[in-house]
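Labels below follow one simple rule: chain letters A, B, ... track the order of the sequence lines, proteins then strands, and each chain is numbered from 1.
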Number of protein chains: 2
Amino acid sequence: MHTSIIKHINNHITPSLEDIQLFNSVLNQISVSKGQFLLKPGTNVQHEYFVVKGCLKAYYLDDKGSIHIIQFAIENWWIGDFEAFYNQGSSILYIEAIEDATLLSINYNSLQKIYKKAPIFERYFRVLITQAFIAQRKRILSTLEKNTKERYIEFCMSYPNIENRVPNYDIANYLGVSPENLSRVRKQLKS
Amino acid sequence: MHTSIIKHINNHITPSLEDIQLFNSVLNQISVSKGQFLLKPGTNVQHEYFVVKGCLKAYYLDDKGSIHIIQFAIENWWIGDFEAFYNQGSSILYIEAIEDATLLSINYNSLQKIYKKAPIFERYFRVLITQAFIAQRKRILSTLEKNTKERYIEFCMSYPNIENRVPNYDIANYLGVSPENLSRVRKQLKS
DNA sequence: TGTCCTAATTGATATAGATCAATTAAATTG
DNA sequence: CAATTTAATTGATCTATATCAATTAGGACA
């Protein structure tokens with residue numbers, strides 16, 4: 001039994017034991033070490049991933065060769081190219097481990113079967129996506145409303161302790177500012 | 001029967017006739033005229049709204065008194081304070097009609113009952129929220145990646161014909177730029 | 001149809017943050 | 001643990017866009 005994800009599920013829905021066993025049975029455990037990729041653009045996306053241990057980032061590489069970080073994921077977060085997974089298309093994102101990581105993967109077809117046999121999992125994923133939606137709205141509002149300093153503070157609070165797990169240039173990238181600028185902001189915050 | 005929303009539902013799921021009738025039975029039709037508010041901050045959010053006709057905007061008013069537009073909605077879009085609705089909390093958003101509008105509202109408790117009796121609607125809303133999630137991710141990426149001109153073009157393409165329905169200062173606000181700047185950008189695009 | 005009000009445009013200036021370049025600090029690795 | 005690579009900091013400019021102020025254009029309505 002993959003206890004960490006089951007705990008996570010039980011925090012959101014109250015499935016029967018059979019439901020849990022069904023869900024548990026389709027999970028696969030994966031390890032990636034720091035710097036390795038879980039996903040690259042062009043790959044057909046068959047899986048979403050639950051983080052048991054470690055830290056990862058999902059990013060987009062644009063035409064000009066610039067990276068844009070979409071999401072960090074730490075313990076008990078789901079990560080993946082959600083759009084491609086949902087449309088069963090090919091990925092536009094890189095997902096790279098920032099720390100050695102242990103993950104659980106779930107396959108698209110397995111998930112569809114689960115929805116059929118145990119529809120309560122529709123709710124689980126609806127709740128998760130709703131929360132992710134709300135978090136994104138916060139991020140958009142934050143960009144519109146706040147300056148770099150305020151957004152850095154907000155970021156540190158919403159991803160607890162992440163500033164010690166993720167390089168600053170990644171945080172700067174996530175916030176959409178230059179590493180130099182973030183460095184100056186952090187200096188101000190110290191004093 | 002509220003045909004426009006039923007058509008919309010049928011585009012996403014294949015419910016039984018009874019399911020449809022159940023859903024239809026809990027909808028209420030509402031009219032708001034241009035400039036009127038569908039929702040204001042502090043209100044307990046009991047409803048989400050489907051736009052039958054018209055155009056609306058949802059925005060947040062920050063501490064400094066600045067407005068930030070979260071979303072426009074035209075025909076066949078859902079609008080509301082999704083976070084507050086989901087948490088059954090009080091609104092932080094204004095929703096205001098930009099044109100005279102006809103809407104269908106659904107009540108939170110009714111929706112919970114529908115989820116129980118006709119769980120296929122869990123799927124309907126999961127799909128909608130997933131699409132909204134994806135659209136938001138695009139908006140975040142767009143902000144990170146593109147300059148004002150590129151984002152204005154992208155905006156016009158993704159909300160078809162909206163530049164003729166919505167004032168430019170609202171579009172500027174949505175994009176997070178000043179009206180003056182957007183005006184200059186539009187001038188460039190003409191030539 | 002003219003008056004009033006709101007929106008859009010244009011010009012001049014200010015500023016947050018980007019970029020470029022150099023230096024220092026911290027992590028990796030043989 | 002020394003050597004090398006990678007990240008963070010600092011300083012000096014540059015630039016996109018904000019802000020402020022004034023003018024023009026459009027729409028709504030009496």
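The distance between atom CG of B:Asn181 and atom P of C:dT15, rounded to the nearest whole Å, is 18 Å. Computed from coordinates, the A:Ile98 CD1 to D:dA7 C1' distance equals 14 Å when rounded to whole Å. Separating the NZ atom of B:Lys64 from the P atom of D:dA18 is a distance of 15 Å, rounded to the nearest angstrom. Rounded to whole Å, atom C1' of C:dG17 lies 10 Å from atom CD of A:Glu180. The NZ atom of B:Lys34 sits 13 Å away from the C1' atom of C:dC5 (whole-angstrom rounding). For the pair B:Arg184 CZ and D:dA16 C1', the interatomic distance rounds to 11 Å; values are reported in whole Å. In this structure, the CG atom of A:Leu182 is 13 Å from the P atom of D:dT10, given to the nearest Å. Atom C1' of nucleotide D:dA28 and atom CG of B:Asp100 are separated by 14 Å, given to the nearest angstrom.
Donor-acceptor pairing under 3.5 Å is recorded for the side chains of A:Glu96 and A:Tyr59. Neither side chain, B:Gln71 nor B:Lys57, offers a donor N or O lying under 3.5 Å from an acceptor on the other. Inspection of the B:His8 and B:Asn76 side chains reveals no N or O donor paired with an N or O acceptor under 3.5 Å.
Aromatic pair A:Trp78/A:Phe125: centroids less than 6.0 angstrom apart.
B:Asp170 places no side-chain N or O within donor-acceptor distance of the main-chain N or O of B:Val166, the cut-off being under 3.5 Å.
At least one side-chain nitrogen or oxygen of A:Lys187 sits closer than 4.0 Å to the OP1 or OP2 atom of D:dT10.
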CA sep, side-chain torsions, deciding dist, call: A:Glu122, A:Lys117, salt bridge (charged side-chain N to carboxylate O under 4.0 Å, His left out) = CA-CA 11 Å; A:Glu122 293 253 17; A:Lys117 289 193 206 163; over 6 Å; no
Salt bridge (charged side-chain N to carboxylate O under 4.0 Å, His left out) between A:Arg137 and B:Asp81, worked out = CA-CA 11 Å; A:Arg137 190 176 87 177; B:Asp81 184 337; 3.3 Å; yes
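Overall bending of the helix from C:dT1-D:dA30 to C:dG30-D:dC1, expressed as the angle between end axes built from five pairs apiece, is 50° (10° steps).
For the pair B:Arg126 and A:Tyr86, the cation does not sit on the ring face, since its NZ or CZ is not both under 6.0 Å from the ring centre and inside 45° of the axis. Geometrically, B:Arg151 does not engage B:Tyr174 in a cation-pi contact defined by less than 6.0 Å to the ring centre and at most 45° from the axis.
Residue B:Ser183 has its side chain nearest to C:dT10 when only C:dT28, D:dT9, C:dT10 are considered.
Between the side chain of B:Arg186 and the base of C:dT10 there is no donor-acceptor pair of N/O atoms closer than 3.5 Å.
Listed by residue number, B:Pro167, B:Asn168, B:Tyr169 are the residues of residues 163-179 of chain B with a heavy-atom contact under 4.0 Å to DNA chain C. Contacts with DNA chain C (heavy atom under 4.0 Å) in residues 143-156 of chain A: A:Asn147, A:Thr148, listed by number.
B:Tyr152 approaches B:Leu182 most closely through the heavy-atom pair CD1-CD1, 3.5 Å. Residues B:Tyr124 and B:Ile13 approach most closely at CB-CD1, 3.7 Å, considering heavy atoms.
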